[in-house]
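Okay, so here's the structure we're looking at.
For the numbers below, each heavy atom of this structure counts, side chains included, while hydrogens, waters and symmetry mates do not. A, B, ... follow the sequence lines: proteins, then strands. Residue 1 opens every chain.
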There are 2 protein chains.
Amino acid sequence: MRLKDDTKINSIFKAATELTSEVGLDKLTMSSIAKKAKVAAGTLYIYFDSKEQLLNELYMHLLMGGTLSILPSIQHLPLKKQFQVIWSNVLKFRVSNSSEVIFMHQFRYSSYVSAESNKLDEQFISFINNLLDRGKEELIVKDIDNDLIIPMLYGYANTLARQLSLDKVDVTDEIINQTFSICWDAIKS
Amino acid sequence: MRLKDDTKINSIFKAATELTSEVGLDKLTMSSIAKKAKVAAGTLYIYFDSKEQLLNELYMHLLMGGTLSILPSIQHLPLKKQFQVIWSNVLKFRVSNSSEVIFMHQFRYSSYVSAESNKLDEQFISFINNLLDRGKEELIVKDIDNDLIIPMLYGYANTLARQLSLDKVDVTDEIINQTFSICWDAIKS
DNA sequence: TTTATAAATGAATTTATATTCACTTTAATT
DNA sequence: AATTAAAGTGAATATAAATTCATTTATAAA
């Protein structure tokens, strides 16, 4: 008997990601994914139960391979340095993977998103939460509810990366330093 | 002869806005808009050429009635105060008009958005640009490219307002002050 | 009142796209 | 090499939603 071909899932994911960044999530069709991935439309249903499942799997795949894997084991570094490493990684990753970021952004606010996808998202938030709490203990982070701080980091990263990608600016060290100084001044006490 | 009924456009806009916040832009259908607005499906096509036009008109309507009208005539106030007034207005408006904000957010990143809608958007950005430039002249704002600063303000406002709405937190003066201190520390030199 | 004209209706049509399925191909197992 | 079970195909089907249009209704003007 024949076995499933893992590289095929990659082509499917790649096709869906690129198409979304080209035409938008709302114009993304199963046939166009199939065509771009060079498989038959029916094949998509061997690997995924539905369009909804395909998109959720893709989202979780990108979240794990990208944003989450970025959280390095940097527990030993001083807090500010940890934030800086994360900021730099997130920004560089996002700008050099702009199709992925566009897909994630559009998917994140669509009605396709499942409970499971949502849960995975919270892992990243939770990591930042811990970092902020420690910063407050060390008295170097403003004593403001994390729920009021995190949207700044999250919203800024999203919006900035999207803008830099669209403008095809490449992320120099100067840009990283300048934008990080904005972030850090925002949250430091 | 019979005349068009302006209140009908309002019901249509209201229905489309609320439905988007309930089910998402990608599940928004012309029939559901018609049903909720208590008009026949065909009636929508008397007022609008297409779904695309309806959504763009709605977006521009919200942008003008909401975000843009928020920019007050406060030219006489000191710069920091101007930012504070705008921040407070934007936040309060966004949280108390969460359906509108959800619609605008989902529409903004959809493929429906027309060149005209895009252009209107830039008015707001341009106002902030001027404010930042003056801040730099007065040496109270960081000497960093506006394109690196604005995404912070814009992304933070979006993400924060969305979060506050979802959590049904109401915008107290304390929240406004705390979040504004985050913004201001971020951009002040 | 009557007339004329445009608004309003909603069922019918068109169009688009997710999903299925009868069939073909592939490759692991015997 | 033969067997067989699952992958792969793509045209056909089902479904859903945008748009049209023949008809009815409301109202401004005569």
Could you check how far [atom1] of [X] sits from [atom2] of [N], rounded to whole Å?
X: A:M30; N: D:dT9; atom1: CE; atom2: P; value: 14 Å
X: B:D26; N: C:dT17; atom1: CG; atom2: P; value: 14 Å
X: A:L44; N: D:dA7; atom1: CG; atom2: P; value: 14 Å
X: B:D49; N: D:dT20; atom1: CG; atom2: C1'; value: 13 Å
X: A:Q53; N: C:dA18; atom1: CD; atom2: P; value: 15 Å
X: B:K27; N: C:dA18; atom1: NZ; atom2: P; value: 13 Å
X: A:E52; N: C:dT17; atom1: CD; atom2: C1'; value: 16 Å
X: A:K51; N: D:dA16; atom1: NZ; atom2: C1'; value: 13 Å

Looking only at the side chains, is there a donor atom on one of [X] and [Y] sitting less than 3.5 Å from an acceptor on the other?
X: B:Y112; Y: A:D26; value: no
X: A:R108; Y: A:N118; value: yes
X: B:R134; Y: B:N129; value: no

Quiz item: Would you say a side-chain N or O of A:K8 is under 4.0 Å from OP1 or OP2 of D:dG8?
Solution: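 For A:K8, the contact criterion (side-chain N or O under 4.0 Å from OP1 or OP2 of D:dG8) is met.
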Quiz item: Is any side-chain nitrogen or oxygen of B:T43 closer than 4.0 Å to OP1 or OP2 of C:dT9?
Solution: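 Checking B:T43 against C:dT9: at least one side-chain N or O falls below 4.0 Å of OP1 or OP2.
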Among [options], which nucleotide has an atom closest to any side-chain atom of [X]?
X: B:I46; options: D:dA18, C:dT9, D:dG8; value: C:dT9
X: A:A40; options: D:dT19, C:dA8, D:dG10; value: D:dG10
X: B:T29; options: C:dT17, D:dA7, D:dA17; value: D:dA17
X: A:Y45; options: D:dA7, C:dA18, D:dA18; value: C:dA18
X: B:Y47; options: C:dA7, D:dT19, D:dG8; value: C:dA7

With a non-hydrogen cut-off below 4.0 angstrom, is [X] in contact with a base, only sugar-phosphate, or nothing?
X: A:L28; result: sugar-phosphate
X: B:F48; result: nothing
X: A:S50; result: sugar-phosphate

Quiz item: Is the A:W184 ring parallel, tilted or perpendicular to the A:F180 ring (thresholds 30°, 60°)?
Solution: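 Plane angle under 30°, so parallel.
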Quiz item: Of all heavy-atom pairs between B:D185 and B:K188, which one has the smallest distance, and what is that distance?
Solution: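 So the two residues come closest at OD1-NZ, 3.0 Å.
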